[in-house]
Amino acid sequence: MSGTGNIVTPLPFPTLARRELGDQQLRHNLRKATHTIRDKRLRVVGEVPDWEQLRMAGAAIKDDVLARLPSLLEQFEAAATAAGATVHWARDAAEACAVVADLVLATGTAEVVKVKSMATQEIGLNEALEAVGIHAVETDLAELIVQLADDTPSHILVPAIHYNRTQIRDIFLERMPGVDASSLTDDPPALAEAARRHLRARFLSTKVGISGANFAIADTGTLTVVESEGNGRMCLTLPETLISVVGIEKLLPTFADLEVFLQLLPRSSTGERMNPYTSLWTGVTPGDGPQTVHIVLVDNGRTDTLADPVGRQALRCIRCSACLNVCPVYERVGGHAYGSVYPGPIGAILSPQMSGEGANRTLPYASTLCGACFDACPVRIDIPQVLVHLRQSGVDASRGRPSAERTAMRTMSYVMRDRRRYAAALRAARRGAAPLRLVAGRRGALRRLPWPLSAWTSVRDAPLPPKQTFREWWTREHSS
Amino acid sequence: MSTPPDARTEILRRVRAAQPSSSAPVPRDYAADDGPAGVALVDLLVDRLEDYKATVRRCAAASLPATVASLLTGVPSVAVPPGLPAEWLSAYPGTVSRDEADALTVADLDAPGVAVVTGCAVAVAQTGTLILDASPDQGRRLLTLVPDHHICVVHTSQIVERLPAALRRLPDPTRPLTMISGPSATSDIELNRVEGVHGPRRLDVVIVA
């Protein structure tokens, strides 16, 4: 069953990218933020002499999880249940939302506090809860900014990365109830203080908390949330009921495996040696924290992804967002261009695999294949390899239909398969191009070609064939 | 007509049908064990804690009460977990509320000027991380969450160099665990770290030789 929810782009990537590229402020904000985080990440990763060994271990542990997923899921369910949690299963976004909505409705509350979670973004939980009269309050600072601005996230880790401090202040002034307009500056500590005041009473009184989980430990039934602000601890500790939405690939076999991932994740994501707060809980602990604990295990296209031997490595992803921060394409177009809650290089391989059809087919082309994402990935997902694989499957899927590109490629293949045909074609091209040299000027390239080739030259120059080939040069140089 | 399979059955069937590859051994040649313990370890922990804006005091066991009291100057009321040694606060003149039988409410802890004093289970020098495991000298999770000022006492015997060694020291991983690295912070504005959001905004660490 294909995944549903906020992982399907409404428009092709090129269309959205063109729109986003027109926003100069956005490009400036993104450039500043991605370069800040790149430098921080490099610094703290450089401190760890065994970083490569940790990456190898991280990748291998996740592959082991995928290899043993059925038994590990059952083991996790048994351990969490024994510890007092109730485990639910959901095939797709709609089913997961329905499970959560029913659980919240049963408590009789009309408002829930939320920890930032990609899984709940993916299934569109806030909108689903709103539809049954439940207001979900995002408590992560960046999620709060996005929610107040009535916007959508543009980054996995920092959903409001597309706003700078002045824009954030303006959003708070306009949209945050009870904000003290006279004292609010665009100084980041002042903005953090405003968020603290805004959410404090809600944390202390709301009955239901909703979270995702960074890791689910199969042998103990433990869930883990990695965060910075303490909003996560608030939501995980103070409510009476806690509901956690967890993708089935989030498992780790044993508690000891955290020793690898809690080293890889913070350094890769926020560029910190360790994030300020990490919470781990196992079912219900009498007298400490929520006394009713639910866990919703979600498929939503993950089993489809698992079925592809090349593409399944995308399920190793721990949502650190290092690949977004180093990507030359993401840096320029931003997260909204990808149309899915999973943007950037990982989104370009995750969204199409989870959702299958439609405009997501354009996402694997949203890359220069430079490979920076693979180098940065803490679990060694070979993103360029999967991108090429998905481009190939996209081409294969439409092989039956006629296409100008395919005809051109077939001709090219015929010419290049034979040395003499190839040499003859080069000579012909050179002769044909000779008069064009007069208009091409010193750079030896044409700025504009007539239709339909104008599509190519609208964003690039068309180089002319050189006056002689390397083979001709070699023959001449070595003939005497 | 058969009833449609429930979600659990269908997901497990689909995972099995996806035929994941066979399991391969995990290379674990990363550094797991600590080097020799010593003063350098304490210095490293202090450096990392201060880098993330925690205040650090070092003292001998005999002067712990005086050190704690000096950190609590001007603080009218202190909350403590049920098993916190009483002598730690013997030099503190204010009110001490002990969280026995979960006596303290969220409102008690949220009152202005309330600080909390706890111990910890283990500290990780390399990352400046304190791990609390709800032992009697650390208490319920909300104790170290709601007050705006947390004082954490670390004995040098509790310090390890790396995270793997720290996790192995925890007696029971199924207890509620909280890992704390500096005061509450955020990186959400232009990806710069800013201290002070929802958790305690002041974190003092006392390292006892």
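The chains referred to below are lettered A, B, ... by the order of the sequence lines, with proteins before strands, and numbering in each begins at 1.
Residues of residues 111-122 of chain B placed with any heavy atom under 4.5 Å of a heavy atom in chain A are absent; none qualify. Residues of residues 193-209 of chain B having a heavy atom under 4.5 Å from any heavy atom of chain A, listed by number: Arg193(B), Val194(B), Gly196(B), Val197(B), His198(B), Gly199(B), Pro200(B), Arg201(B). Scanning residues 69-77 of chain B against chain A with a 4.5 Å heavy-atom cutoff picks out nothing at all.
In this structure, the portions of Thr186(B) lying under 4.5 Å from any heavy atom of chain A include both its backbone and its side chain. Heavy atoms of Leu141(A) lying under 4.5 Å from chain B belong to its backbone as well as its side chain. Thr144(B) touches chain A through backbone and side chain together, each having a heavy atom under 4.5 Å away. Heavy atoms closer than 4.5 Å to chain B are found in the side chain of Leu238(A), but not in its backbone. Both the backbone and the side chain of Leu258(A) come within contact range of chain B, judged by heavy atoms closer than 4.5 Å. Looking at Leu143(B), there are no atoms closer than 4.5 Å to chain A (heavy atoms on both sides), in backbone or side chain. Both the backbone and the side chain of Ala57(A) come within contact range of chain B, judged by heavy atoms closer than 4.5 Å. There is no contact between Val124(B) and chain A, counting heavy-atom distances below 4.5 Å.
Of the possible donor and acceptor atoms, none in the side chain of Thr224(A) sits under 3.5 Å from a partner among the backbone N and O of Leu280(A). Using modelled atom types, one side-chain atom of Asp188(B) and one backbone atom of Ala142(A) make a donor-acceptor pair closer than 3.5 Å. In this structure, Asp187(A) contributes its side chain and Ala190(A) its backbone to no donor-acceptor pair below 3.5 Å. A donor-acceptor distance shorter than 3.5 angstrom exists from the side chain of Asp288(A) to the backbone of Arg141(B), with no hydrogens or angles considered.
Contact annotation: the side chain of Ile161(A) never approaches that of Asn29(A) to less than 4.5 Å [non-hydrogen atoms, C-beta and beyond]. A 4.5 Å side-chain heavy-atom check between Arg233(A) and Ser184(B) finds every atom pair outside the cut-off.
For the options Arg267(A), Lys40(A), Glu259(A), heavy-atom pairs under 4.5 Å to chain B are most numerous at Glu259(A). In terms of heavy-atom pairs under 4.5 angstrom with chain B, the leader among Ala256(A), Pro188(A), Gly271(A) is Pro188(A). If you tally non-hydrogen atom pairs under 4.5 Å between each of Val87(A), Val226(A), Asn231(A), Leu73(A) and chain B, the highest count goes to Asn231(A). The candidate with the highest count of non-hydrogen atom pairs below 4.5 Å against chain B, out of Glu229(A), Met234(A), Glu52(A), is Glu229(A). Ranking Ile61(A), Leu157(A), Asn275(A) against chain B, the residue ahead of the rest is Ile61(A), based on heavy-atom pairs under 4.5 Å. Heavy-atom pairs under 4.5 Å with chain B were tallied for Arg200(A), Glu95(A), Glu227(A); the largest tally goes to Arg200(A).
Distance check: Leu145(B) CG to Phe203(A) CZ gives 9.0 Å after rounding to the nearest 0.5 Å.
The salt bridge (charged side-chain N to carboxylate O under 4.0 Å, His left out) search around Glu190(B) returns Lys32(A), Arg165(A), not counting sequence neighbours.
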